[in-house]
Amino acid sequence: MEILTSIKAWQEWRNTIEPEKSVGLVPTMGALHAGHQSLIARCRRENDICTISLFVNPTQFNDQSDLANYPSTFDADRALCEAEGVDAIFFPQYSELYPDNYRYRVTENEESRLLCGAHRPGHFDGVLSVVMKLLNLARPRHAYFGEKDWQQLQLVKGMVEAFFMPVTIVPCPTVREDDQLALSSRNVRLSPAHRQKAAGFPRLLATPAPAEDVCRLLEEDGFEVDYVQDFKGRRCAAIQCGGVRLIDNMPLRKGDGQ
Ligand code: PAF
């Protein structure tokens, strides 16, 4: 498995791959868990070459303490990638990926302002900008994104269409713990008591009732609710639990008040 930390090394390695080979990319911010593992396994199955990027992208953090507290587990990430048969890890520094220091960026002007975007100003500019850079550098045939970040997935798909980018975005189902909490790198920051309480989030989100009622139920359960809103066939929500921001979404069904 190659570990490439500079753009030059990455591009040199990428140029050795024959054009007829299918390259897959799993973009991540590291702190890998079983959700990422399922993305990597699918990327491995569906492509000749499986690549992953590990980069905690500062431009998508509107809250500096969230960035400072973002878990960093490079040795464990490398071991997981090795075990899953990843061919190459791209692990760049900010200065390499942002030679312009973020003077240039990708902005979507409608849907990126809703839901998470309404609570995290600039977040999706950072996400779309880094994803475009990673796709341009990796030139994958397929790129794998988890459905847990539903709004991110829709915006990335829209960007790829808008800019005629030669890549297929592959959505992958959310992986959940036994108590249905969606896997997230942020879950490790929950105290044991808050971890137990967090199981109420997916349980209440699945309640067949209008979004406003679900929002009230979550608040009554003691969660600080950023939003509960229906978007592109899904009920999406973000809450704070013990100072940790959690997001989730589920398909809308009859009875949800639509
Ligand atoms: O979903 C993530 O981990 C990040 O938003 C992504 C897509 C890797 C961009 O930094």
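In each ligand, atom 1 is the first atom listed, and ligand 1 is the first ligand listed. Because only heavy atoms are used, hydrogens play no part in the values below, and waters and symmetry mates are left out as well, while side chains stay in.
In this structure, E82 does not pair ionically with R78, as no charged nitrogen and carboxylate oxygen lie closer than 4.0 Å. Between R216 and E212 no salt bridge is recorded (no basic side-chain N to carboxylate O distance below 4.0 Å).
Atoms of ligand 1 lying under 4.0 Å from any heavy atom of Q152, numbered from 1 in the order shown and given with element: 1 (O), 2 (C), 4 (C), 5 (O), 7 (C). Residue contact check: V130 has heavy atoms under 4.0 Å from atoms 9 (C), 10 (O) of ligand 1. Contact atoms of ligand 1 toward Q60: 4 (C), 5 (O), 9 (C), 10 (O) (distance under 4.0 Å to a heavy atom of the residue).
Of all the heavy atoms of T28, the ones lying under 4.0 Å from any atom of ligand 1 belong exclusively to the backbone.
Here the options are D226, D63, N62, the test is side chain to side chain donor-acceptor pair (under 3.5 Å), and the partner is R120; only N62 passes.
Considering every non-hydrogen atom in both F55 and Q93, the closest pair reads CE1-C, 4.0 Å.
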